[in-house]
Amino acid sequence: MAGKRDLILQAAVGTIARNGVRGLRVEEVAAVAGASTGLIYYHFKDRAGLLAATLDHVNDRAERYTTGALPETGDPRVRLEQRLLLELQDVDEVRENSLAWGELRASAVFEPELRDRLAAASRLWVAEIAELVAAAGACAKAEDVAERLTALVEGLSERWLSGTLTLVRARNLLAGAVAAELGA
């Protein structure tokens, strides 16, 4: 059943990326995943459970295409910049993940059951980036730098995905922010 659960989560991410959280219908997710609504309720209990598991799935996917794709280098500054830039790729999985993450984050304003899980995921990401910032020798407090850089990635991603900023410009701005934070 683990394979079907993953298909359901992939279908939920795609549905959220296309229609937003408010447009998420369990019936549509079931149809896309080739599953019954009963199976979705079996695995996730209710729509809120599906949303929470989808957020976890988005985070797991991001971990794979960022941390798993880091260059083999001993230079922590390069690793930091690349780790952040991997969040801004013109790749279907990254685009879909970024859309879903932005939708889930925005929906947490209206769906309090997502807030704690979203906050935990954000804290984890900031902590991972703070480790790289500290290793790169930033002068400022590593957690503060990491918070600014991750928030910038999220904002640049939304501007890129909404068509108000090109991907090249977003990546250049991010690289410039890393240089500014670490001291060019």
**Student:** Please determine, by modelled atom types, if N19 and E103 share a side-chain donor-acceptor pair under 3.5 angstrom.
**Tutor:** no
**Student:** Any side-chain to backbone donor/acceptor pair from R105 onto L118? Under 3.5 Å, distance only.
**Tutor:**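 Not a single qualifying donor-acceptor pair exists.
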**Student:** Tell me if a side-chain donor or acceptor on R5 pairs with a main-chain N or O of H43 at a distance below 3.5 Å.
**Tutor:**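 Side chain of R5 to backbone of H43, a donor-acceptor pair under 3.5 Å: no, none is there.
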**Student:** Just by modelled atom types, is the L165 backbone N or O under 3.5 Å from a matching donor or acceptor in the R159 side chain?
**Tutor:** no
**Student:** Say you draw a straight line from CG of L149 to CG of L84; how long is it, rounded to the nearest 0.5 Å?
**Tutor:** 5.5 Å
**Student:** I'd like to know if R18 pairs up with E96 as an ion pair, taking the criterion as any Lys NZ or Arg NE/NH1/NH2 lying under 4.0 Å from an Asp or Glu carboxylate oxygen.
**Tutor:**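 The answer is no: the pair does not qualify as a salt bridge.
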**Student:** If we ignore hydrogens and angles and just use 3.5 Å, is the side chain of R115 paired with the main-chain N or O of V109 as donor and acceptor?
**Tutor:** yes
**Student:** Please determine whether a side-chain nitrogen of the Lys or Arg among E143 and R123 lies less than 4.0 Å from a carboxylate oxygen of the Asp or Glu.
**Tutor:**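 So E143 does not pair with R123 through a salt bridge.
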**Student:** May I ask you to decide if V58's main-chain N or O and N97's side chain share a donor-acceptor pair within less than 3.5 Å?
**Tutor:** yes
**Student:** Which value, rounded to the nearest 0.5 Å, describes the distance between E87 atom CD and Q82 atom CD?
**Tutor:** 12.5 Å
**Student:** Given V26, which of T15, I8, D46, T37 fulfils the side-chain contact (heavy atoms from CB on, under 4.5 Å) condition?
**Tutor:** T37
**Student:** Answer yes or no on whether R22 is positioned over the face of F110, meaning its NZ or CZ is under 6.0 Å from the six-membered ring centre and within 45° of the axis.
**Tutor:** yes
